[in-house]
Amino acid sequence: MRIVTTAAAMQRLALRWRRAGTRVGFVPTMGYLHGGHLSLVHRARRLVGKRGIVVASIYVNPTQFAPTEDLSAYPRDLERDKALCRKAGVDVLFLPSDAEMYPGRDTGGYSTYVVEERLSQGMEGGSRPTHFRGVTTVVAKLFNLVLPDVAVFGAKDWQQAAVIRRMTRDLNFPLRVVVAPTRREKDGLAMSSRNKYLSAEERAQATILFRALKLAKEVVAASRTPNYADVLKKELAALIATQPAARLDYVEFFDPETLQPAIAVTRGTHLALAVFIGRTRLIDNAELK
Ligand code: PAF
């Protein structure tokens, strides 16, 4: 596995692959890898085949964190991540520094950002207003450096995937965005680097997110007529409130393509929620089919 740390070297390599007609699959991450990330790497490999190149990046992107969020505390373990990438069959691991990604940002020398104006507005965008501007900016930059044919994102960040798909289309990036299913622990908790923050007691209570998704699915499956989103939201909020460490940030029913909030919930409506478990903010989502 080759390690690349500069933007110039990454782009030079990518241009060489492009000239040679080599297919490139890309998995951008913020590191502290888990089974969910590795499933994205395997998916990228299947998409580009044995003769293709799989690139993963690890970069904890400062522009997608608000000043009050967990940028400095974000879990990091580069040596472990490198070993996992090697084992999963990553060909090139891109590890840029802040100076490579945003040269001169602190002194006004960096001033260009990418903003998606529609799908990024509610849910995560409502709770974290500067988040998606950071995500779209860094992903656009990574696309320009890695020049992938296909990029793989996880469905746990459903809104992120929708925003990136829209950005890719709107800005004519010549690549395909693939969204791979959420990987879960045995008790249903979605795999996330942030699960590391949870104490044993919080970890047990964190399954409430999955249980809320399950309850919504059961209600929708048992109903002959559409359910009112507001009524269901109250039911889910009450379930979440049964866990002392849990504090609901948002629960939203929406159309999975447009992300427009749904008033009536039917099969095919999507549900997303964000819940603080202690100080850790977790997200999850599901299609209610
Ligand atoms: O999902 C993530 O890990 C990040 O938001 C991403 C896509 C790597 C951009 O920093």
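Just the heavy atoms: all of them, side chains too, but no hydrogens, waters or symmetry mates, feed the values below. One-based numbering, in listed order, for ligands and for the atoms of each.
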Checking one residue: Leu215. Which other hydrophobic residues are in its cluster under the side-chain 4.5 Å linking rule?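 Answer for Leu215: Leu189, Leu198, Ile208, Leu209, Leu213, Val219, Val220, Leu232, Leu236, Leu239, Ile240, Leu248, Val251, Phe253, Val265, Leu271, Leu273, Val275, Ile277, Leu282, Leu288.
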[X] bridged to [Y] by N-O distance under 4.0 Å:
{"X": "Asp187", "Y": "Arg203", "answer": "yes"}
{"X": "Arg281", "Y": "Glu124", "answer": "yes"}
{"X": "Arg45", "Y": "Asp91", "answer": "yes"}

Heavy atom to atom 1 (O) of ligand 1, shortest distance: which of His131, Lys156, Gln160, Lys141 holds it?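 Result: the heavy atom closest to atom 1 (O) of ligand 1 is in Gln160.
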Beyond-backbone contact of Asn195 with Tyr32, side-chain heavy atoms, under 4.5 angstrom: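 In short, these two side chains do not touch, never coming nearer than 4.5 Å.
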Distance from atom 3 (O) of ligand 1 to nearest protein heavy atom, with residue and atom: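 Protein heavy atom at minimum distance: Met30 CG, 3.6 Å.
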Atom indices of ligand 1, in the order listed, that fall short of 4.0 Å to a heavy atom of Val138: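 Here the atoms of ligand 1 in question are 9 (C), 10 (O).
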For ligand 1, does Ile164 get within less than 4.0 Å through its side chain, its backbone, both, or neither, judged by non-hydrogen atoms?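 For Ile164, no heavy atom sits under 4.0 Å from ligand 1.
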Taking distance alone, with N or O pairs closer than 3.5 Å, would you say Gln64 contacts ligand 1?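 By distance alone, the answer is yes.
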